[in-house]
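In the text below, chain A, chain B and the rest are named by the order of the sequence lines, each starting its count at 1. No hydrogens, no waters, no symmetry mates; every other heavy atom, side chains included, goes into these values.
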There are 2 protein chains.
Amino acid sequence: MLTHSEENYLKTIHHLSEETNKSVSTNAIADKLSTKAASATDMVQKLAAKGFASYYKYKGVRLTDKGTKEALKVVRKHRLWEVFLVKKLNFKWDEVHEIAEQLEHIKSPMLIERLDEHLGFPKFDPHGDPIPNREGIMAATKQLLLSELAIGNSGIITAVKDGNTAFLQYLEKIGAFIGAELQVLDKVEFDDSLEVSINGKPAQFISKEASQNILITE
Amino acid sequence: MLTHSEENYLKTIHHLSEETNKSVSTNAIADKLSTKAASATDMVQKLAAKGFASYYKYKGVRLTDKGTKEALKVVRKHRLWEVFLVKKLNFKWDEVHEIAEQLEHIKSPMLIERLDEHLGFPKFDPHGDPIPNREGIMAATKQLLLSELAIGNSGIITAVKDGNTAFLQYLEKIGAFIGAELQVLDKVEFDDSLEVSINGKPAQFISKEASQNILITE
DNA sequence: ATTAATTTTTAGATTAAGCTAAATTAATTT
DNA sequence: AAATTAATTTAGCTTAATCTAAAAATTAAT
């Protein structure tokens, strides 16, 4: 059984190596966890001894498959709790991280499965990050801002960055629901607004500000 | 800020002295927490040093007002999470204790207030135990099933377990409203039905099934 | 390619929580 | 009331997670 601290280290190592797939330095870990390098070294050696990571002195760490699996379990819990806090308890998306940092360590496989069901098996958390499923598999697609989508390309709306009421009402008005397919038809040079079609419906214009607040996957 | 362990000790001391109002022995605490008396002694001294308890060697502990306040906060959290698990995640009432033991230590006053609201400000947990409010005040009595009430005793109807329409209509017909006073006059051995008076009205019979679906406080 | 600077590890303390075994105090029995 | 039993506390050890300071290895710079 993993301690809170072990889980935090696994999650951090996973996060730091996710993009690059390279081994992670103890200093980077210490920075991320606001602790000291000496502490990170200690823990990394412990995780390696338990088979969660492979580690060579002065060369950094990487997670083993076993370690990755555990890290993804924590990520899954963290992100599901974030969805709960936002969707059910009406927290703002930027208020939930610290509470989820605590909730992610609750140990009960049944709890997390029931929570997942209760939330309707969400695929993304309120920040747009994908939620790993029970097996640790998650949507591989990178999240983009609508504003980053090239002309002619299309994607599915997965989340909004700032979910303030006025913005959500605006989205509702133009039919831009979570899950809707959206294609960029053209960009207006003048104000960086986008001409888009939503679920094949007739074209609409979306302002630069709005397009930087809508998250999609290609 | 209290540690998990400190919170567990406060809760346990509170629980053990709740009925009798007498000081609690370190052995009783150790038993309840499945730990050793020596550990309980250590912690009790620490809690006393921090002003949460008053303790005299060989004489046992009692909580100070400050300690009681903290203990009740933990109890409030525990019981609200139990309601959440049963009402929202469909756990059975006897499956929730261990998960709530973990959830009760999550630190976020805002979280617990939002949860309370989300659950509709419940007054009792799924076991019938009263939930302290934000100020630590709670209904003095535990909820019982009507079927658990002894002959001659009376109580106030506070809730029903399964509130299906047919049952509520039946209750209405016999005048058994929430808040009504109900006295058990006799038990029928044959089918375990109860002869009761409701708000002093002429006697009625309530089936075993119905009596196991009505919650009362004495 | 040495030297200097930086990064990383090791060594040794510290704090919190727990344990066992021994010592002490309280309670019970004769 | 003294002796025995039981309850409680103290002393000293252990583990996990942290820290600081010193040592060692790596990287960068002249």
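Interatomic distance, A:Tyr9 OH to A:Ile29 CD1, rounded to the nearest 0.5 Å: 7.5 Å. Within the model, atoms CG of A:Leu194 and CD1 of A:Ile214 stand 9.0 Å from one another, a figure rounded to the nearest 0.5 Å.
Checking A:Glu104, A:His105, A:Lys73 one by one against A:His78, the side chain to side chain contact (heavy atoms under 4.5 Å, CB included) holds for a single residue, A:Glu104.
Applying the salt bridge (Lys or Arg N to Asp or Glu O under 4.0 Å) rule to B:Asp116 yields the partners B:Arg76; only residues at least two apart in sequence or on another chain are considered.
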key: Base-pair map of DNA chain C as dot-bracket, where | denotes pairing with a different strand and pairs are Watson-Crick or G-U under 3.5 Å   = ||||||||||||||||||||||||||||||
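Residues B:Lys107 and B:Glu7 are paired through a salt bridge, judged by an N-O separation under 4.0 Å between the basic side chain and the carboxylate. Taking a cutoff of 4.0 Å between a charged side-chain nitrogen and a carboxylate oxygen, A:Glu82 and A:Lys87 do not qualify as a salt bridge. Using a 4.0 Å cut-off between a side-chain N of Lys or Arg and a carboxylate O of Asp or Glu, A:Lys11 and A:Glu101 qualify as a salt bridge.
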request  = Quick one: do A:Ser193 and A:Asp191 satisfy side-chain hydrogen bond (donor to acceptor under 3.5 Å, both in side chains)? Show the steps, please.
outcome  = CA-CA 5 Å; A:Ser193 66; A:Asp191 60 358; 2.9 Å; yes
note = Whether each nucleotide of nucleotides 6-16 of chain C has a protein heavy atom under 4.0 Å at its base (B), only at its sugar-phosphate (S) or at neither (-) is summarised, 5' to 3', as -SBBB-----S
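The distance from atom CG of B:Leu33 to atom P of C:dC19 is 10 Å, rounded to the nearest whole Å.
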